[in-house]
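One structure is given below, encoded as structure tokens.
Labels below follow one simple rule: chain letters A, B, ... track the order of the sequence lines, proteins then strands, and each chain is numbered from 1.
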Amino acid sequence: MQRNILVTSALPYANGPIHLGHLVEYIQTDIWVRFQKLRGNHCIYVCADDAHGTPIMLKARELGITPEELIERMGREHREDFAAFGIGFDNYYTTHSPENRELSELIYTRLREAGHIDSRTIKQAFDPEQGMFLPDRYIKGDCPRCGAAGQYGDSCEVCGATYTPTELKNAVSVVSGATPEERESLHYFFRLQDFETMLKDWARGGHVQQEVANKLEEWFTEGLREWDISRDAPYFGFQIPGTEDKYFYVWLDAPIGYMASFRNWCDRHGEDFDAWWKADSDTELYHFIGKDIVYFHALFWPAMLHGAGFRKPTRICAHGFMTVDGAKMSKSRGTFIMARTYLNHLDPEYLRYYMAAKLGSHVHDLDLNLDDFTQRVNADLVGKLVNIASRSSSFINKRFDGRLAAELPAPALYRDFVARGEQIAEAYENREFSRVIRDIMALADQANQYFDEEQPWVLAKDARTLPRVQAVCTQTLNLFRVLMVYLKPVVPKIAAEAEAFLNVDAQDWQAVQTPLLDHTINRFKPLATRVEREAVDAMVEESRETLAPKGDAPAADSPLADHPIADPVDVDTFGQIDLRVARIEDAAVVDGADKLLQLTLDLGGEKRNVFAGLRAAYAPEDLRGRLTVVVANLKPRKMRFGVSEGMVLAAGPGGDALYILEPDSGAMPGMRIR
RNA sequence: GGCUACGUAGCUCAGUUGGUCAGAGCAUCGCACUCAUAAUGCGAGGGUCGGUGGUUCGAGUCCACCCGUAGCCA
């Protein structure tokens with residue numbers, strides 16, 4: 001039976017570009033959506049730019065344009081980035097839309113009429129110069145508890161204290177620098193506590209992951225409180241009906257933006273919006289979100305929907321954040337990588353594959369390990385998978401004019417591959433993508449094993465066994481075809497190229513039931529090329545450059561420009577490196593190596609053989625007899641010319657611009673340097 | 001500070017309800033092969049499953065505490 005599934009990803013905020021952290025969510029969602037479509041379900045994927053709020057208003061002001069111009073510009077960039085990564089939205093809209101205004105007013109009005117909206121006067125910080133109320137994050141001052149300077153209006157990053165902005169000492173407005181005043185203002189509140197019973201039932205009903213449910217229980221225990229949903233003018237957003245100068249808080253109309261984007265799609269495709277959103281709808285609604293916005297999606301959102309007479313989400317799928325090389329993304333390390341920067345250096349399908357290989361259904365963070373990324377993509381995608389087609393198609397193309405045999409020599413093996421599809425589909429459905437990848441790669445291993453056992457390259461040497469070659473390669477290419485169908489949600493572009501190579505129409509999940517026989521394929525072109533580590537490094541380098549702080553950037557000709565000071569290490573870490581004074585007893589050129597010199601070092605009794613890349617900078621006779629500094633406990637490294645048992649320290653960019661270190665007179669070979 | 005997760009081979013990760021669960025891939029080393037984008041196949045080494053106690057006939061698997069990491073605290 002065909003399922004009707006509406007899927008959303010969280011709305012990216014329209015004040016900055018998409019980065020790799022965002023993409024964890026969109027790639028994850030897109031894979032799931034593509035899988036559902038491949039299985040024949042009626043699945044619609046919508047999203048939008050989150051366009052309202054104080055930051056948008058201020059950013060537009062800073063750029064000297066209107067908020068509308070800003071969100072138009074950002075929206076266009078976001079669409080381009082998402083498209084480049086193959087994110088197949090059915091509709092990508094904006095929360096600043098007539099549909100969203102209408103739905104926000106409708107939901108608000110229904111909630112108010114049902115008695116779920118309160119209003120009362122609150123005190124809030126006000127910027128007299130700008131004539132605006134200030135969100136907590138727009139006030140800075142000294143922490144009232146520990147006195148740390150430059151802390152935000154809600155909490156101290158130094159001592160962890162939480163407080164109200166009025167408690168802050170020496171407070172200033174971040175917008176104007178003026179001293180904030182305290183003023184009163186009428187605010188509107190959504191009575192979340194009215195929905196406690198409903199929310200508890202819902203949260204315990206399997207609509208969220210276990211760890212999210214735990215978190216919700218904690219919040220239930222603390223007690224649900226009303227939620228301030230209004231903001232004062234000036235504010236970029238929707239005016240609250242029945243008020244003169246009050247606006248909906250951006251977080252009220254943001255999730256409604258899911259509905260609005262879908263409404264916009266329905267209107268253009270003749271779909272019945274109400275059938276999907278009425279309280280007793282039998283369609284499914286999936287929200288993919290980051291773990292930081294669980295509160296909004298698992299409490300406010302179902303409560304708002306319920307209170308306004310709409311259906312609630314089928315499932316909230318929360319995911320963790322992305323780290324790079326085990327640490328939070330960092331601008332100084334060059335690991336705060338924008339989508340655009342990634343695209344300048346690497347194929348987006350690789351990131352899709354890598355993320356899929358590490359994504360599960362839990363809320364865990366996902367680490368982008370750059371070495372692992374390079375190796376994984378090369379080993380799995382290129383070495384294992386694409387290689388299956390490459391090695392088998394060469395025979396079919398050269399010997400059989402691209403023609404596949406009329407039957408499979410190992411039908412049982414093929415049936416086995418098809419049968420494994422159900423297990424893979426189940427993993428996809430449960431969003432266990434890492435399991436999907438593991439299973440597919442295990443099958444890829446089997447395909448390579450089959451090919452190796454059959455040894456078609458041997459059979460091809462004898463005319464009598466030549467037909468067997470065609471049969472074996474037909475079998476192998478059919479196994480490859482099955483794998484590409486299974487992998488299609490993850491790497492749609494490679495899958496499409498594989499379909500072109502196999503000379504078939506777009507395959508759905510069912511297509512694998514029938515093998516491809518007595519059929520002519522096209523000439524094989526590389527479907528994926530290896531990742532060069534240099535490209536990864538260049539991407540990191542570009543991320544570092546574009547985001548280096550402008551004010552204290554080192555002069556362009558300073559070595560710091562190319563190699564910024566590394567992250568701090570503690571003294572213990574430094575202590576692990578054993579630096580010693582060494583005498584260069586002998587130095588010699590190495591045959592066959594144009595960069596290396598072979599040095600014989602005396603470390604005060606112990607002799608070391610070291611290869612150093614100094615040939616362009618020093619002649620051997622310049623070095624003999626001199627003292628220098630060597631890393632004495634570096635693990636010996638086997639090189640083509642012998643084993644290198646240490647590293648001589650030198651400064652400079654390389655080539656002939658290298659300068660070895662030399663201790664002051666008095667130092668003796670073997671002395672420890674610290 | 002409170003809470004929620006996580007901490008398993010060099011790296012990235014699997015390990016359902018406690019009993020062949022000490023695993024996979026990559027990396028490393030050896031052998032084979034040469035059809036293939038130096039890709040593939042076979043084999044080997046490598047972990048006291050963060051630490052310390054406890055429950056149990058038996059614990060990565062349950063409990064307590066500690067250490068470390070990430071996040072949330074509306």
Side-chain angles (χ1 to χ4, degrees), chain A residues 136 145 154-156 159-162 190 192 209-219 221-229 249 251 290-296 298-300 318-323 325-328 354 357-360 362-399 427 432 434-435 437-442 444-461 469 472-473 476 480 524-532 635 638:
Chain A
D136 294 351
R145 188 164 93 183
D154 50 357
S155 65
C156 174
C159 73
T162 55
F190 173 53
L192 184 63
Q209 292 127 300
Q210 186 58 49
E211 48 267 61
V212 172
N214 292 346
K215 196 73 201 173
L216 293 176
E217 287 301 329
E218 185 191 320
W219 284 327
T221 306
E222 288 174 21
L224 300 178
R225 279 179 265 157
E226 58 185 12
W227 176 40
D228 187 348
I229 56 164
Y249 175 42
W251 260 112
K291 61 182 177 180
D292 53 327
I293 54 178
V294 163
Y295 200 91
F296 295 99
L299 293 179
F300 292 141
H319 60 80
F321 296 148
M322 196 183 79
T323 55
D325 285 344
K328 214 188 287 193
Y354 185 73
K358 302 188 75 165
L359 276 167
H362 291 280
V363 193
H364 305 158
D365 288 352
L366 185 154
D367 186 47
L368 168 60
N369 181 290
L370 295 171
D371 282 324
D372 189 45
F373 168 79
T374 308
Q375 289 164 357
R376 191 80 181 249
V377 168
N378 289 343
D380 286 4
L381 226 39
V382 182
K384 275 184 188 173
L385 190 78
V386 170
N387 185 233
I388 297 169
S390 179
R391 65 195 307 203
S392 53
S393 66
S394 76
F395 291 106
I396 294 290
N397 283 324
K398 283 181 209 154
R399 303 297 194 104
E432 295 286 358
S434 62
R435 176 169 293 270
I437 298 298
R438 273 205 307 281
D439 288 351
I440 292 175
M441 283 306 137
D445 285 343
Q446 276 189 46
N448 275 314
Q449 284 160 8
Y450 168 80
F451 198 82
D452 271 304
E453 283 164 14
E454 296 293 335
Q455 301 187 315
W457 58 91
V458 175
L459 301 173
K461 288 172 183 160
V469 174
V472 167
C473 293
T476 308
F480 170 73
F524 179 81
K525 285 187 289 250
L527 300 171
T529 51
R530 300 171 63 78
V531 178
E532 300 298 336
K635 284 187 181 146
K638 203 153 107 185

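You'll find the side chain of A/N387 stays beyond 4.5 Å of the side chain of A/F451, heavy atoms only. In this structure, A/S390 and A/F524 have side chains that are in contact, with non-hydrogen atoms separated by less than 4.5 Å. Between A/F373 and A/V531 there is a side-chain heavy-atom pair separated by less than 4.5 Å. Between A/V212 and A/K291 the shortest side-chain heavy-atom distance does not fall below 4.5 Å.
Minimum atom distance to the side chain of A/K291 is reached by B/rG71, of the listed B/rC13, B/rG71, B/rU4. For A/V382, the side-chain atoms get nearest to B/rU37 when compared with the rest of B/rU12, B/rC26, B/rU37. Checking B/rU37, B/rG71, B/rA39 against the side-chain heavy atoms of A/N387 singles out B/rA39 as nearest. Listed nucleotides B/rU37, B/rG41, B/rC26 differ in distance to A/A379; the shortest reach to its side chain belongs to B/rC26. Ranking B/rA39, B/rU12, B/rG2 by closeness to the A/K215 side chain, first place goes to B/rG2. The A/D380 side chain lies nearest to B/rG25 when the options are B/rC72, B/rG25, B/rU37.
Across all strands shown, B/rU4 forms a Watson-Crick or G-U wobble pair, both distances under 3.5 Å, with B/rA70. Look at B/rU55: it lacks any Watson-Crick or wobble partner with both distances under 3.5 angstrom. Under the Watson-Crick or G-U wobble criterion, with both distances below 3.5 Å, B/rG47 is left unpaired in every strand shown. Across all strands shown, B/rA32 forms a Watson-Crick or G-U wobble pair with B/rU40, both key distances being under 3.5 Å. B/rG25: Watson-Crick or G-U partner is B/rC11, with both key distances under 3.5 Å.
Nucleotides B/rU28 and B/rC65 place their P atoms 44 Å apart, quoted to the nearest Å. One C1' atom belongs to B/rG2, the other to B/rU61, and the distance between them is 28 Å to the nearest Å. Separation of the P atoms belonging to B/rG60 and B/rG54 is 15 Å when rounded to the nearest angstrom. Here the separation of B/rA24 from B/rA44, taken at their P atoms, is 10 Å to the nearest Å. Taking atom C1' on both nucleotides, B/rU55 is separated from B/rA59 by 10 Å, rounded to a whole Å. B/rA39 and B/rA22 are spaced 32 Å apart, taking the C1' atom of each and rounding to whole Å. Taking atom P in both B/rC6 and B/rU16, the straight-line distance is 12 Å, to the nearest Å. Comparing B/rG50 with B/rU69, their C1' atoms are spaced 11 Å from each other, to the whole Å.
In this entry the base of B/rG54 is anti relative to its sugar, with a glycosidic angle more than 90° from 0.
In this structure, CD of A/E217 is placed 18 Å from P of B/rC73, rounded to the nearest angstrom. Taking atom CG of A/L216 as the reference point, atom P of B/rA5 lies 12 Å away to the nearest angstrom. Look at CG on A/N369: it is 19 Å from P on B/rG25, rounded to the nearest Å. Distance A/K384 NZ to B/rG25 P: 7 Å, rounded to the nearest Å. Across the protein-nucleic acid pair, A/W457 atom CH2 and B/rA39 atom P stand 17 Å apart, rounded to whole Å. Note: CG (A/L359) to C1' (B/rA14) measures 15 Å, nearest angstrom. For A/R376 and B/rA24, the CZ to C1' distance is 10 Å, given to the nearest whole Å. Between A/N214 atom CG and B/rA70 atom P there is a gap of 21 Å when expressed in whole angstrom units.
Note on A/A389: nothing from the nucleic acid sits closer than 4.0 angstrom, heavy atoms only. No engagement by A/V363 is indicated, since no non-hydrogen atom pair under 4.0 Å with the nucleic acid exists. Note on A/V386: a base of the nucleic acid sits closer than 4.0 angstrom, heavy atoms only. Residue A/N378 is out of contact with every strand shown, counting any heavy-atom pair closer than 4.0 Å. Nucleic acid contact for A/R225: base, since at least one base atom lies under 4.0 Å from a heavy atom of the residue. Base engagement by A/G223 is indicated by at least one non-hydrogen atom pair under 4.0 Å involving a base atom. Residue-level contact check: A/F451 touches the bases, meaning some heavy atom is under 4.0 Å from a base atom. At the heavy-atom level, A/I388 lies nowhere under 4.0 Å from the strands shown.
Applying the 4.0 Å criterion to OP1 and OP2 of B/rA36, one finds that A/K398 has a side-chain N or O inside that range. Look at A/R435 and you won't find any side-chain N or O under 4.0 angstrom from OP1 or OP2 of B/rA14. For B/rC13, one of the phosphate oxygens OP1 or OP2 lies less than 4.0 angstrom from a side-chain nitrogen or oxygen of A/K358. OP1 or OP2 of B/rC42 lies within a sub-4.0 Å distance of a side-chain N or O belonging to A/Q449.
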Practice problem: Apply side chain to side chain donor-acceptor pair (under 3.5 Å) to the pair A/D445 and A/Q449, showing each step before the final yes or no. | Solution: CA-CA 6 Å; A/D445 285 343; A/Q449 284 160 8; 5.6 Å; no

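Using a 3.5 Å distance cut-off with no hydrogens or angles, the side chains of A/R391 and A/N448 do pair a donor with an acceptor.
For the pair A/Y354 and A/Q446, nearest-nucleotide mapping onto RNA chain B gives the more 5' position to A/Y354. Of the two residues near RNA chain B, A/H364 and A/P526, the one whose nearest nucleotide lies more 5' is A/H364.
In the displayed structure, A/R435 atom CZ is contacted under 6.0 Å by at most 12 heavy atoms of other residues, nucleotides or ligands.
Remark: aromatic rings of A/F300 and A/W251 are distant, center separation not under 6.0 Å.
Checked against A/H362 for a side-chain hydrogen bond (donor to acceptor under 3.5 Å, both in side chains), the options A/Q209, A/H319, A/E432, A/E211 give a single hit: A/E211.
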